[in-house]
Amino acid sequence: MRIGIVGADMLGLAVARRAALAGAAVLLADRSIGRARAAAAGAATAETAGTVVATTLAAALRPEIVIFAIGWPQALELTRLHAGLLAGKAVVDLSVPSRTDPESSAVRQLVGLAPEVRWVKALTTADAGALHRGSSDGLPVDVFVAADDERAKVAVVELFDRSGLRAFDAGGLDNAWVLEGMGRLGQEVGERLQLSESWSFKFMPSW
């Protein structure tokens, strides 16, 4: 499986590592090719079954699954510029805007710009450190995946499950604003506690 990732900061590196652990061939792009190369070298290690290669933006947008590991303004810009190229692909938005509501979640705005894309919202409920490590207090990091397109959602859930995370079906895109709110809450609480380590949300069902 080939995965395209746009963004090579700490979040992009963490997601590239997870995808490589799942056995994917990752094409990683960034505005800085040097940063993309450094992230690719850090993401692919002896324990990863897949590969991570630094590449151009055009190449990273070709796979059937593309992950936006970039901020909200950059995700908007990228979608406006490349809506036609992304049509039909499963595109995973990881952004956490400063404020959204049920009608105007980040991903809903992206849907408005590129309705032919199979949009997915995920990975807002853990920071880059937790995603890179893959565990918290000895347990797999939980991630929540929302999408209206079931095939795209299943593909993303399976990818992250194979990577060592624990992925949950979080319903349709109507729940995206909830996931974005959880991301904002996690960031705020982490800042209030002045955490030196990472944070993530854990779902603990009583089965």
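All values below come from the heavy atoms of this structure, side chains included, with hydrogens, waters and symmetry mates left out. The structure displayed is predicted, hence computed values, not measured ones.
- Of all non-hydrogen atoms in Leu28 and Gly7, the two that sit nearest each other are CD1-O, 3.4 Å.
- Ion pair Arg166/Asp161 not flagged as a salt bridge, since none of the NZ, NE, NH1 or NH2 atoms sits closer than 4.0 Å to an Asp/Glu carboxylate oxygen.
- A donor-acceptor pair under 3.5 Å is absent between the side-chain atoms of Asn175 and the main chain of Ala146, judged by distance alone.
- Between Leu173 and Trp119, the closest heavy-atom pair is CD2-O, 4.0 Å.
- By the 4.5 Å heavy-atom criterion applied to side chains, Val117 and Val111 are not counted as neighbours.
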Requested in this report: Applying side chain to side chain contact (heavy atoms under 4.5 Å, CB included), run through Val120 and Val91 and close with a yes or a no.
Outcome: CA-CA 6 Å; Val120 180; Val91 180; over 6 Å; no

Between side-chain atoms of residues 30-39 and protein atoms elsewhere (two or more places apart, or another chain), which donor-acceptor pairs fall under 3.5 Å?
unit_1	atom_1	unit_2	atom_2	d
Asp30	OD1	Ser32	N	2.8
Asp30	OD1	Arg35	NE	2.9
Asp30	OD1	Arg35	NH2	2.8
Asp30	OD2	Ala8	N	2.8
Asp30	OD2	Arg35	NE	3.4
Arg31	NH2	Glu77	OE1	2.7
Ser32	OG	Arg35	N	3.1

Query raised in the report: Yes or no on side chain to side chain contact (heavy atoms under 4.5 Å, CB included) for Val145 and Asp169, after CA distance, side-chain angles and deciding distance?
Result: CA-CA 5 Å; Val145 182; Asp169 181 342; over 6 Å; no

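- Side-chain polar atoms of Thr48 and Arg17 form no donor-acceptor pair below 3.5 angstrom.
- For the side chain to side chain donor-acceptor pair (under 3.5 Å) test, no residue two or more places apart in sequence or in another chain qualifies with Gln194.
- Side chain of Thr56 to backbone of Ala59: a donor-acceptor contact under 3.5 angstrom is found.
- The closest donor-acceptor contact from the side chain of Lys121 to the backbone of Ser95 lies under 3.5 Å.
- Under a 3.5 Å cut-off, the side chain of Lys202 and the backbone N or O of Ser136 do not form any donor-acceptor pair.
- Checked against Ile65 for a side chain to side chain contact (heavy atoms under 4.5 Å, CB included), the options Arg2, Lys89, Met1 give a single hit: Met1.
- No side-chain heavy atom of Trp199 sits under 4.5 Å from any side-chain heavy atom of Leu193.
- Ring pair Phe168/Phe144 is parallel by interplanar angle, where below 30° counts as parallel and above 60° as perpendicular.
- Val143 and Val107 are assigned to two separate hydrophobic clusters, defined by single-linkage of ILVMFWY side chains at heavy-atom distances under 4.5 Å.
- Taking the side chain as every heavy atom from C-beta outward, Val6 and Leu78 approach each other to under 4.5 Å.
- Atom CD1 of Ile67 sits about 4.5 Å away from atom CD1 of Ile5, to the nearest 0.5 Å.
- Interatomic distance, Leu179 CG to Thr124 OG1, rounded to the nearest 0.5 Å: 4.5 Å.
- Electrostatic pairing of Glu188 and Arg192 counts as a salt bridge here, judged by a charged N lying under 4.0 Å from a carboxylate O.
- Not a single donor-acceptor pair under 3.5 Å links the side chain of Ser163 to the backbone N or O of Ala22.
- The shortest distance between side-chain heavy atoms of Leu110 and Asp93 falls below 4.5 Å.
- The distance from atom CG of Leu165 to atom CG of Asp142, rounded to the nearest 0.5 Å, is 9.0 Å.
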Report task. For salt bridge (charged side-chain N to carboxylate O under 4.0 Å, His left out), just list the numbers for Arg108 and Glu180, CA-CA rounded to whole Å, side-chain angles, deciding distance to a tenth of an Å, and then say yes or no. Result -> CA-CA 12 Å; Arg108 280 296 185 199; Glu180 292 167 7; over 6 Å; no

